[in-house]
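In this text the structure is predicted, and so the values were computed from the model without any measurement. The first residue of the sequence shown is numbered 1, and numbering continues consecutively from there.
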Amino acid sequence: MREIKDSFAYLSPIGLEHKLESEIEVLEKFDRLYLSKTEPKDVFWAQNIWLEPKIVKISSINEAARFLRSLQKNWALFPYKSVRRSMLISAELPKIFKQPIIFPTILPPIDLGSFTLLDDETLLFSQKCSSKFPNGEVVFQGQKIGPPSRAYLKLWEVFTILQTMPKKNDRCLEVGASPGSWSYVLANLGVNLTSVDKAPLELDLKKYPNITFLKKDFFSITPKEMGRQDWIFSDVIVYPEKLFEWLELWKNDCDNFICTLKFQKDEHDFMIKNFAKIENSFIYHLFHNKHELTWVKLKNVQS
Ligand SMILES: C[S@@+](CC[C@H](N)C(=O)[O-])C[C@H]1O[C@@H](n2cnc3c(N)ncnc32)[C@H](O)[C@@H]1O
């Protein structure tokens with residue numbers, strides 16, 4: 001077995017390879033899986049990180065499956081080369097938990113490893129990975145009626161990976177809330193929600209007495225006007241610099257934050273590091289994020 005010393009394998013989200021390539025030094029590339037010595041703390045555009053990649057030579061499907069099973073129970077395949085052979089190895093391994101998952105769900109405390117074949121006889125694998133989901137793909141059983149768009153999947157995903165969410169009656173402020181999918185998720189948690197947008201919500205507000213809708217520019221919303229909040233949510237399409245400035249106003253008046261950072265143009269990428277430097281905060285590229293990242297700051301840090 002060969003350890004790939006001080007290296008990590010980064011799996012890029014589909015179509016965002018250029019973003020990942022811009023932040024790592026690439027040693028080798030296997031489709032959208034990259035070997036690199038760049039530290040995970042400096043990498044934000046990865047869907048899964050193989051934290052301890054190793055290489056081993058195998059002579060048969062049975063031998064590969066036996067070897068992986070001897071290390072741990074749960075493995076996810078990233079299909080790259082010798083795909084049929086790697087699928088036969090996967091079929092010899094215990095089934096991993098069922099997807100799509102139903103929200104909310106308690107994540108089982110399992111270690112999920114990842115593996116791929118580089119050729120018929122070369123197995124690249126990692127017992128430890130950053131994501132508890134196969135290839136970082138968090139697939140939900142969707143909600144056909146209720147939320148006005150698919151954006152609710154981002155909030156479901158972030159609550160699932162954090163294994164935390166607002167409690168009933170928590171004071172929540174959501175800016176850029178229209179058409180209202182995040183508001184739908186939050187209102188159904190029983191929180192006390194103020195939703196702000198210049199455009200109306202496409203939700204029947206009579207059904208949700210716990211939503212107060214303000215038709216406003218969110219930049220004018222201040223802690224003085226709104227009072228202390230337990231959570232602030234933003235999925236607004238705005239330059240990260242502007243959002244950062246507005247969040248500064250709230251640093252002493254809100255405990256928890258979940259904000260999408262939108263990066264349609266690369267020249268705003270420098271702001272990622274500024275957000276990452278904020279204490280007790282994390283940045284994820286969610287499976288349901290596109291050209292955007294999700295910044296999270298929690299009062300009670302769990303991970
Ligand atoms: C991507 S959508 C939000 C989707 C929402 N999270 C959902 O789940 O339905 C972004 C929203 O931000 C709003 N927005 C953009 N700039 C704003 C501003 N300065 N003040 C208030 N709303 C704004 C837009 O009107 C738009 O409805």
Side-chain angles (χ1 to χ4, degrees), residues 1-14 16-17 19-83 85-87 89-97 99 107-138 160-163 276 282-287 301-303:
M1 182 159 41
R2 178 160 74 84
E3 281 194 37
I4 311 164
K5 234 178 158 327
D6 303 325
S7 294
F8 308 91
Y10 293 98
L11 183 66
S12 165
I14 292 171
L16 292 175
E17 289 82 350
K19 288 295 209 186
L20 181 61
E21 284 171 20
S22 73
E23 54 185 5
I24 62 172
E25 210 174 299
V26 180
L27 296 177
E28 271 182 272
K29 178 174 177 334
F30 313 111
D31 189 15
R32 59 188 173 99
L33 183 69
Y34 295 78
L35 268 189
S36 171
K37 284 192 191 293
T38 307
E39 291 280 332
K41 68 174 176 47
D42 297 321
V43 179
F44 304 99
W45 295 94
Q47 193 163 290
N48 194 15
I49 307 174
W50 299 20
L51 296 163
E52 296 173 351
K54 296 186 177 84
I55 283 179
V56 71
K57 286 287 176 191
I58 45 114
S59 56
S60 70
I61 291 162
N62 275 344
E63 188 194 329
R66 227 178 312 126
F67 171 74
L68 291 172
R69 275 200 309 263
S70 74
L71 297 177
Q72 68 190 38
K73 190 167 164 218
N74 299 294
W75 292 95
L77 166 67
F78 171 64
Y80 167 57
K81 288 277 166 69
S82 306
V83 171
R85 195 171 165 85
S86 56
M87 285 170 75
I89 296 172
S90 191
E92 295 284 311
L93 297 169
K95 293 264 167 301
I96 41 184
F97 62 86
Q99 295 224 49
L107 290 186
I110 58 159
D111 281 325
L112 180 63
S114 298
F115 74 96
T116 192
L117 285 181
L118 301 185
D119 58 48
D120 272 4
E121 294 180 346
T122 312
L123 181 69
L124 172 66
F125 67 97
S126 174
Q127 285 180 255
K128 281 201 179 154
C129 292
S130 64
S131 176
K132 284 184 177 287
F133 294 88
N135 299 318
E137 295 175 9
V138 189
T160 302
I161 59 175
L162 294 172
Q163 291 281 281
F282 309 90
I283 294 181
Y284 301 96
H285 184 274
L286 302 176
F287 177 56
V301 182
Q302 325 255 315
S303 53

Could you check whether any side-chain N or O of Asp119 sits under 3.5 Å from a backbone N or O of Glu121, counting only pairs where one atom can act as donor and the other as acceptor?
yes
For Trp45 and Glu23 the tightest heavy-atom approach is N-OE2, 2.6 Å
Pairwise side-chain contact, Asp111 with Gln127, heavy-atom cut-off 4.5 Å (strictly under)
no
Answer with yes or no whether the side chains of Ser126 and Lys54 bring together a donor and an acceptor at under 3.5 Å.
no
Verdict with reasoning, Asp31 to Thr116, per side-chain contact (heavy atoms from CB on, under 4.5 Å)
CA-CA 11 Å; Asp31 189 15; Thr116 192; over 6 Å; no
Lys37 side chain vs Lys5 backbone, donor-acceptor pair below 3.5 Å
yes
Worked verdict on Lys19 versus His285 for side-chain contact (heavy atoms from CB on, under 4.5 Å)
CA-CA 11 Å; Lys19 288 295 209 186; His285 184 274; over 6 Å; no
Taking all non-hydrogen atoms of both residues into account, name the closest pair between Val83 and Ser86 and its distance.
O-OG, 2.8 Å
Leu123 side chain reached by Leu117 side chain, heavy atoms, under 4.5 Å:
yes
Angle between ring planes, Phe8 versus Tyr10, binned at 30° and 60°: parallel, tilted or perpendicular?
tilted
Do Val138 and Leu286 have side-chain heavy atoms sitting under 4.5 Å apart?
no
Determine, step by step, whether Arg32 and Phe78 satisfy the side-chain contact (heavy atoms from CB on, under 4.5 Å) criterion, reporting the C-alpha distance in whole Å, the side-chain angles of both residues, the deciding distance to 0.1 Å, and the verdict.
CA-CA 10 Å; Arg32 59 188 173 99; Phe78 171 64; 4.1 Å; yes
Please report the shortest heavy-atom distance between Ala65 and Leu93, naming the atom on each side.
O-CD2, 3.7 Å
Kindly determine whether Phe67 and Phe125 satisfy ring-ring contact (aromatic ring centres under 6.0 Å, His included), including the steps that lead there.
CA-CA 11 Å; Phe67 171 74; Phe125 67 97; 5.3 Å; yes
Taking the side chain as everything from C-beta on, heavy atoms only, tell me whether Ile161 gets closer than 4.5 Å to Lys132.
no
In the structure I gave you, are the side-chain heavy atoms of Ser90 and Phe115 within less than 4.5 Å of one another anywhere?
yes
Quick check for you: to the nearest 0.5 Å, what is the distance between Ser82 atom OG and Ile61 atom CD1?
10.0 Å
Report yes if the side chains of Met87 and Leu77 come closer than 4.5 Å at any heavy-atom pair, otherwise no.
yes
Looking only at non-hydrogen atoms, find the nearest pair between Arg69 and Glu92 and report the distance.
NH1-O, 2.6 Å
Keeping the roles fixed (side chain from Asn48, backbone from Ser131), state whether a donor-acceptor pair exists under 3.5 Å.
yes
Is any side-chain heavy atom of Leu107 less than 4.5 Å from a side-chain heavy atom of Phe133?
yes
Please tell me if the side chains of Trp50 and Leu124 come closer than 4.5 Å, counting only heavy atoms from C-beta onward.
yes
For atom NZ of Lys73, decide whether the heavy atoms of other residues, nucleotides or ligands shown that lie under 6.0 angstrom number more than 12.
no
If you compare all heavy atoms of Lys41 against all heavy atoms of Phe44, which two are closest, and at what distance to 0.1 Å?
O-CZ, 3.6 Å
For Gln47 and Asn135, indicate whether the former's side chain and the latter's backbone hold a donor-acceptor pair under 3.5 Å.
yes
Can you give me the closest heavy-atom contact between Pro53 and Ala9, atom names plus distance?
CG-N, 4.0 Å
Applying the side chain to side chain contact (heavy atoms under 4.5 Å, CB included) test to Thr38, which of Leu20, Val26, Val43, Leu27 qualifies?
Val43
Looking only at atom types and distance, does a side-chain atom of Ser7 sit under 3.5 Å from a main-chain N or O of Leu35, one as donor and one as acceptor?
no
